[in-house]
Amino acid sequence: MAALQTWTEALKSSRKTVFISDGKRKIHYLFSDGKEMTEEYDLKTDELIVRRWRHRSPLGAQSPWEVEVGEPSVSRLGSQASEFIRESSSNPVFMRKDTKTKFQWIIQNLAYEKELISVFVEPAERCIVIKTSYKKYFKKFHIPDLDRYQLPLDSAALSSTHANNTLTIRYKKPKEILKGEQELLKELKGLRGLT
């Protein structure tokens, strides 16, 4: 419960700037430790579309934005400056797109049969693992929201589907996170936004 209060307190005590444009509520958070977070919510559905983080290095330089939720902002084909070596467009693409009640990850271009793919929780490492039976694809990822609230992973909350070379993984949000998100959204709606 202390982690829940710590994360909630950090959100409440952060400096917030709210913008409303293009049908989105955009919030910039500046935390006391120098970290920054931006979020974008759909104005009609109140669903989180994008969440990005960045921090300062020990020497004060800003890191590039790291996408936690939403599509990666960097082209998956690599830098435009590199004309000769590019990442294949058929490589699997991993992204997170949450719904109101579930954390959701989508892996596109995963051209393996459903029977060959296994998705499971690794409680010792606090992560979800995806792997194929013949070791052609392997990925471990954490759920930062659960880490911030210091909540355990539950295998029963995990589900997955595979169709059209796309693997969709869903993890049911715990009630503590749902409550925290509702309280945050209520506070954000009360803030005046710049248009």
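Both backbone and side-chain heavy atoms feed into the values below; hydrogens, waters and symmetry mates do not. In what follows, residues are counted from 1 in the order of the sequence shown.
Annotation: Asp33, atom CG; neighbour count of heavy atoms from other residues, nucleotides and ligands within 6.0 Å is above 12. In Lys172, the NZ atom is not crowded: 12 or fewer heavy atoms of neighbouring residues, nucleotides or ligands sit closer than 6.0 Å.
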Q: Test salt bridge (Lys or Arg N to Asp or Glu O under 4.0 Å) on Arg51 and Glu181 and set out the steps.
A: CA-CA 13 Å; Arg51 179 183 294 142; Glu181 287 178 348; 5.1 Å; no

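The shortest distance between side-chain heavy atoms of Ile130 and Ile117 falls below 4.5 Å. Residues Thr38 and Glu36 are not in side-chain contact: their nearest non-hydrogen atoms beyond the backbone lie 4.5 Å or more apart. Within the 4.5 Å cutoff, the side chain of Thr168 has heavy atoms near those of the Gln104 side chain. A heavy-atom distance below 4.5 Å is found between the side chains of Leu43 and Arg25. For the pair Lys16 and Glu187, the minimum side-chain heavy-atom distance is below 4.5 Å. With contacts defined as side-chain heavy-atom distances shorter than 4.5 Å, the pair Lys26/Val50 does not qualify. In this structure the side chain of Leu167 never reaches within 4.5 angstrom of the side chain of Tyr137, judged on heavy atoms. Between Ser155 and Val121, some side-chain heavy-atom pair lies under the 4.5 Å cut-off.
Taking every heavy atom of both residues into account, Gly70 and Met95 meet most closely at O-CB, 3.9 Å. Listed here is the closest heavy atom pair of Ile107 and Phe94: CG1-CD1, 3.5 Å. When every heavy atom of Ile27 is checked against every heavy atom of Tyr41, the shortest pair comes out as CD1-CD1, 3.6 Å.
Here Leu178 is tied to no hydrophobic group at all, with no ILVMFWY side chain closer than 4.5 Å. Listed by chain and number, the hydrophobic cluster partners of Leu30 come to none, as no ILVMFWY side chain reaches under 4.5 Å of it.
We find the CG-CG distance between Asp46 and Leu185 to be 4.5 Å, quoted to the nearest 0.5 Å. Atoms OH and CD, from Tyr29 and Glu39 in turn, are 4.0 Å apart once rounded to the nearest 0.5 Å. Within the model, atoms CD1 of Ile49 and CG of Asp22 stand 10.0 Å from one another, a figure rounded to the nearest 0.5 Å. If you take CH2 on Trp65 and NE2 on His55, they are separated by 11.5 Å, rounding to the nearest 0.5 Å. Put simply, OG1 on Thr99 and CD on Glu47 are 6.5 Å apart, with the number rounded to the nearest 0.5 Å. Atom NE2 of His162 is separated from atom CD1 of Ile169 by 10.0 Å, given to the nearest 0.5 angstrom.
Counting only distance, with no hydrogens or angles, the side chain of Asn164 and the backbone of Thr166 share no donor-acceptor pair below 3.5 Å.
Salt-bridge check for Lys97 with Glu71: passed, with a basic side-chain N closer than 4.0 Å to an acidic carboxylate O.
The same ILVMFWY cluster, assembled from side-chain heavy atoms under 4.5 Å apart, contains both Trp53 and Phe141.
Sorted by first then second residue, the side chain to side chain donor-acceptor pair (under 3.5 Å) pairs that include residues 116-136, not counting sequence neighbours, are Glu125-Lys140, Arg126-Asp147.
Under the 30°/60° scheme for interplanar angles, the aromatic rings of Trp105 and Phe103 are found to be tilted.
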